[in-house]
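A short worksheet on the structure shown next.
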Amino acid sequence: MTSFQFETPPRIVCERGAAHRLAPLLQGRRHAFVVTDAGLVQAGLIEAPVAALRKAGLLVTVHDKVEADPPEHVVLAAVDAARTAGADGVIGLGGGSSLDTAKLVALLAASPQPLAGIYGPQRASGPRLPLIQVPTTAGTGSEATPTSVVSTPDHQKRGVISSLLFPDVAVLDAELTLALPPAPTAMTGVDAMVHAIEAYTTRHLKNPISDALAVRALQLLDRHLGRAIAQGDDIVAREGMLLGSLLAGMAFANAPVAAIHALAHPLGSHFHLPHGLANALVMVPVLRHNLPVAGPLYAELARALDPSLHGVADGAAAEAFIARMARHLAQAPIAQRLRDVGIAPTDLPMLARAAMGVQRLLANNPREINQTDALVLYTQAH
Ligand SMILES: [Zn+2]
């Protein structure tokens, strides 16, 4: 076995209603800064957790100005607000954008350093404020990753990657996800599946702990996605999705994602597609491209999802895996093709060129993808 390292949040709380019991997790802190977005406040998801914190004697500042794909100025405004409030603990409560912003608030409020100077791996320095992450979507797995993605003024997305960005506690409260509509449920759920698949097949840093987590994640997501979409108030399905998303996040925090995310990247930056949808649109073409190299690993995943495939040859099992993933997409209430989201055939060469800028992720792909390949893949997705 090759040597490896594995990092993950030190504490995970998975409990219905846990969002109403956050105060003890802040251990003696006096002023909680809650990072969220206005939509969640309007949906009424923030009120009860905040009331519970105040009842426990904490001061609370709610900062609800997070935007999707948070721009630098949004992150920096949140940091300023936390400092001005005198907060000594941070709670991220929301989707991936809120959790990513909360990571940087916890870091930069305690250790002033220029955001522009800490993009990339392990360039940030601590300390940071105590950080609790409470996801309200089952998808990004941000509560279990050391990465925060920020949109820079030049329309790029850049990541701060630092062990300091793992939270002290990740809190899974499936009750928070019951009201998520079918489309975002599907998009975020597919994103989580892609995290598990790409972690399992990554060319770099694949390791046995991530493998075990990715398999279990995919089993949970595969079993519960359809039900979570069709019957949003099914708490068991929601719990399965939230746990699957966390496990996939733990996996890809250590065994990084690859070409599906790389090809999804320009769809987000140029056409503002939600991250999960962008992944969904390019997923099957990339899986097919990888098949000649990753086939045996896809076969392993296929057998983990369908034990009747034990004894079936790798080639057939790998095909069954791709067909199973394609079925999930076809049944999801989301756009199926690039042409359905306003992307013209003439846009595809630009996308292929832009995808080549995401070498950080392409390098992890089991099979090489050059610009010509990328154009073929986008054409297949169109
Ligand atoms: Zn993702």
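Atoms within each ligand, like the ligands themselves, are counted from 1 in listed order.
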Could you please tell me which protein N, O or S atoms lie under 2.8 Å from the Zn ion (ligand 1)? D191 OD1, H195 NE2, H261 NE2, H275 NE2
Do the non-hydrogen side-chain atoms of L225 and Q331 ever get within less than 4.5 Å of each other? no
Electrostatic pair D168-R128, nearest N-O below 4.0 angstrom: yes
Are D347 and R339 within salt-bridge range, i.e. N to O under 4.0 Å? no
Indicate if V34 and V66 have the same hydrophobic cluster label, given that clusters are the connected sets of ILVMFWY residues with side-chain heavy-atom separations under 4.5 angstrom. no
Can you label the angle between the H275 ring and the H261 ring as parallel, tilted or perpendicular, going by 30° and 60°? tilted
The side chain to side chain contact (heavy atoms under 4.5 Å, CB included) partner of L115 among L104, V79, T152, L107 is L104
